[in-house]
Structures are given as structure tokens and as C-alpha cells.
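Worksheet for the structure shown next.
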Amino acid sequence: MRFFIFIFIMISGMLSTGWSGTIVDIKSGKFNSLIVRYRVDNESTNTKVQCSVKSESGDLIGLGVAKREDKLTSVMVGIPENSLNSSIDVACEEK
């Protein structure tokens, strides 16, 4: 029974944080950072956008959060200097 409850909580959590937007562009910022512009596709009640940057091996190397502004939000994510030239994966979601 505990296992079933755990699965239900995980599935309902994934459904509530669905991906409802797209990354418009990614630019390099000052001081080892990336500026990620995220556009919301629908009217959501979420007030923040969180972007994470992962290395090629899947390790989290950067995280940024910004207050959501209308449809387009810019999020600054700091990146360690030794990870600047490696292949990375950027993903954003509303919180």
C-alpha cells in the first residue's frame, strides 16, 4: 500500500509541474553565466520560472530562478568556469 501511495504522489507531482512553455533563446551573460529567455504558452498561476543547466554526463552545474513576467521571462544561470566549454543541456519549468 505504501508503494502505491508513493507512485501516486510522484505521478500527481509530475502532472502539476507540466512543461507549458518554450525556451526562446540562450545568450552568454557576464561573469560566467547564461541568460535563458523562457516564454509561457498558456495562462498559468505559477509565479516563478526555474532553469537548470546540466553537463553532458547529467550532473547539475547551474540553477537559476526568476519571477515570471507576463509571457517572456529572462533567467540568469551561473556556470562554473571549468564547465563553460563543455556540452550542456538547459531545461526550464514553472514553479
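With rounding to the nearest 0.5 Å, the separation of CD in Glu56 from CG in Asp89 is 10.5 Å. Taking NZ of Lys54 as the start and CD1 of Ile88 as the end, the distance is 13.0 Å to the nearest 0.5 Å. Atom-to-atom distance recorded for Asn46:CG and Lys95:NZ is 9.5 Å, nearest 0.5 angstrom.
Put simply, Ile79 and Met76 are part of two different groups of oily side chains (I, L, V, M, F, W, Y) that touch within less than 4.5 Å, one to the next. In this structure, Val40 is a member of the same hydrophobic cluster as Ile23, with clusters built from ILVMFWY side-chain heavy atoms closer than 4.5 Å.
Here the side chain of Tyr38 pairs no donor or acceptor atom with the backbone of Val75 at under 3.5 angstrom.
Looking at every heavy atom in both residues, Ala66 comes nearest to Ser74 through CB-O, 3.6 Å. Counting all heavy atoms, side chain and backbone alike, Gly62 lies closest to Val77 at C-CG1, 3.6 Å.
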Kindly list each side-chain donor-acceptor pair under 3.5 angstrom involving residues 25-36, sequence neighbours excluded, with atom names and distances?
residue: Asp25; atom: OD1; partner: Arg37; partner atom: NE; Å: 3.3
residue: Ser33; atom: OG; partner: Lys30; partner atom: O; Å: 2.7

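Leu72 places a side-chain heavy atom less than 4.5 Å from the side chain of Arg39.
Enclosure of atom NZ in Lys71 by more than 12 non-hydrogen atoms of other residues, nucleotides or ligands within 6.0 angstrom is indicated.
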Before you tell me yes or no, could you show the steps for Val65 and Gln50 under side chain to side chain contact (heavy atoms under 4.5 Å, CB included), namely the whole-Å CA-CA distance, both residues' side-chain angles and the distance that decides it to 0.1 Å?
CA-CA 4 Å; Val65 179; Gln50 175 180 317; 4.0 Å; yes
